[in-house]
Amino acid sequence: MKDFYLEILHVDKNCGARYGILHTPHGDVEVPMFMPVGTLATVKTLSPEELKEMGAGVILANTYHLSIRPGADIVAAAGGLHKFMNWNGPILTDSGGFQVFSLAQKRNITEEGVTFKNHLNGDKLFFSPEKAIEIEEKLGADIIMSFDECIPYPASYDYVKKSMERTLRWAKRGLDAHKREDQALFGIVQGGEYEDLRKQCAEELVKMDFPGYSIGGTSIGEPKDVCFKMIDYSVKYLPTNKPRYLMGVGSLDYLLGGIYRGVDMFDCVLPTRIARHGTLMTSTGRVNIKNEKYKLDFTPLDSSCDCYCCKNYTKAYLRHLYVCDETFGKRLLSIHNIRFLIKIMEGAREAIKEDRFEEYMNVTLAAFGDKRGF
RNA sequence: GGGAGGGUAGCGAAGAGGCUAAACGCGGCAGACUGUAAAUCUGUUACCUACGGUUUCGGCAGUUCGAAUCUGCCCCCUCCCA
């Protein structure tokens, strides 16, 4: 598909970080980038206009969730996701592979696919690689994911191997089923923390020649060094001219660590979820806006932030909204957290162009201070 | 004036002799959250010199080995009748 390709414009001389432009049918976006998650065709509490203003490029949506509500046919009848949700930028749909992990208690895996008992009413729902593609074609995102199994951590070598090999077979089946020319189907590298498995998976996927590759099975509770190993063991075997997407990562240290290792795209529910729960990422560290100490704090959340929230509101006001459970508070905090990560990415891109990404990463993390990195 | 029902931790509300420093809810305080079953979940919330100790269930005085729980008196609140 010619409308979709990654144009690498610069690779940092001192590390794997790369700057480029991802061309998609719905516009060009710069990488590395952070993609806000809008599972149900909405980034919770935020409007598309606000997301645009924050500098969001790609938005995620979810195949499993949308297939249940409202149903893929309804989205198709609406003219596809872009029209349905009024987002004319690029959209990426996850395949439901993550739900194989997050809804582990409600599903059964076979070679053919996964049978879910849907989380709302227990209805049976069968997802095969072909079915996932069929739904994703109806949804009509620019970038779509292969149906995989996101395995838990830790997992035994034998299990990871079996699962990865099945995910590979599923990737091939999805690829064969995929017909739409205006969608880029990504393969997902699994293989847990085992280098030989990651290598095998990546190499086999590369043979299938996907327009992009994801690194999956990360950000599910594994230690940071393990996550970085997973990235290294995957990136190493992926082509330089295709986008690399680290799935589910959203804390500062993992994001910067991923960029450092050559990852281009990231998504995570973390900024929006923790915002709704009163936790903010700021340039000087983590803030729990509900804390009593902010009662009389009439300064902005992050004085170096340019978001609508930080430019117009004080911590005391944000705390008040949170304490009163006002929707506007959740909106403002979500705006901030997303803008914060997007701004981190903007800074990363500038740093890469000037071959000083490593320094940027270290300075940013040091200022943040929190050992957990977010 | 007569009758009835009540007073339990910041609030609401269980408890009706030992297992009760006292359920539960709210409020308060703190924490978690990573391809969203998440506007969710967890911990904590009498006091202290805190793997222990000290005072609590309107007040005072009793009964009992032991009382928020039983008895007497007192104070206060609500409702009904005059």
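Just so we're on the same page: letters track the sequence lines, and every chain starts at 1.
Between the C1' atoms of B:rU34 and B:rU40, the separation comes to 15 Å (whole Å). B:rC80 and B:rU63 have their C1' atoms separated by 35 Å, with the value rounded to a whole Å. Taking the P atoms as reference points, B:rA46 lies 16 Å from B:rU20, given to the whole Å. For the P atoms, the distance from B:rC57 to B:rG10 is 13 Å, rounded to whole Å. Nucleotides B:rA13 and B:rG59 place their C1' atoms 23 Å apart, quoted to the nearest Å. Taking atom P on both nucleotides, B:rG12 is separated from B:rU8 by 7 Å, rounded to a whole Å. Here the separation of B:rG3 from B:rC73, taken at their P atoms, is 14 Å to the nearest Å. For the C1' atoms, the distance from B:rU71 to B:rG17 is 13 Å, rounded to whole Å.
As the counterpart of B:rC19, no nucleotide is assigned, since no Watson-Crick or G-U wobble pattern has both distances under 3.5 Å. Pair check for B:rU63 finds none; no Watson-Crick or G-U wobble contact set falls under 3.5 Å. In this structure, B:rC11 forms a base pair with B:rG25, meeting either the Watson-Crick or the G-U wobble geometry with both donor-acceptor distances under 3.5 Å. Both distances falling under 3.5 Å, in either a Watson-Crick or a G-U wobble arrangement, occur for no nucleotide opposite B:rA50. Nucleotide B:rC79 is matched to B:rG3 when pairs are restricted to Watson-Crick or G-U wobble geometry with both distances under 3.5 angstrom.
Nucleic acid contact for A:Val323: sugar-phosphate only, since backbone atoms but no base atoms lie under 4.0 Å from a heavy atom of the residue.
Taking atom CD1 on A:Ile289 and atom C1' on B:rC29, their separation rounds to 16 Å, with Å as the unit. We find that CZ of A:Phe228 is positioned 13 Å from C1' of B:rU34, with the value rounded to whole Å. The CD-C1' distance, from A:Glu222 to B:rU34, rounds to 9 Å in whole Å. A straight line from CG of A:Asn288 to P of B:rU44 spans 18 Å, rounded to a whole angstrom.
Remark: the A:Asp196 side chain and the A:Tyr157 side chain contain an N/O donor-acceptor pair separated by less than 3.5 Å. Under 3.5 Å, the side chains of A:Tyr313 and A:Tyr308 contain a donor-acceptor pair of N or O atoms. There is no side-chain donor-acceptor pair under 3.5 Å between A:Lys124 and A:Thr115. No side-chain donor from either of A:Ser146 and A:Asp148 sits under 3.5 Å from a side-chain acceptor of the other.
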| query | Quick one: what's the B/S/- string for nucleotides 35-41 of chain B, heavy-atom cutoff under 4.0 Å, read 5' to 3'? | reply | BBBBBB-
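A salt bridge does not link A:Glu136 with A:Arg180: none of the charged nitrogens is closer than 4.0 Å to a carboxylate oxygen.
Within the structure, every pair that satisfies the salt bridge (charged side-chain N to carboxylate O under 4.0 Å, His left out) test and touches residues 321-341 of chain A, not counting sequence neighbours, is listed here: A:Glu50-A:Arg331, A:Asp306-A:Arg339, A:Asp325-A:Lys330, A:Arg339-A:Glu346.
Between A:Phe266 and A:Tyr245, the ring center distance fails the sub-6.0 Å criterion.
Note that A:Lys353 lies in the cation-pi zone of A:Tyr19, set by a 6.0 Å cut-off to the ring centre and a 45° limit from the axis.
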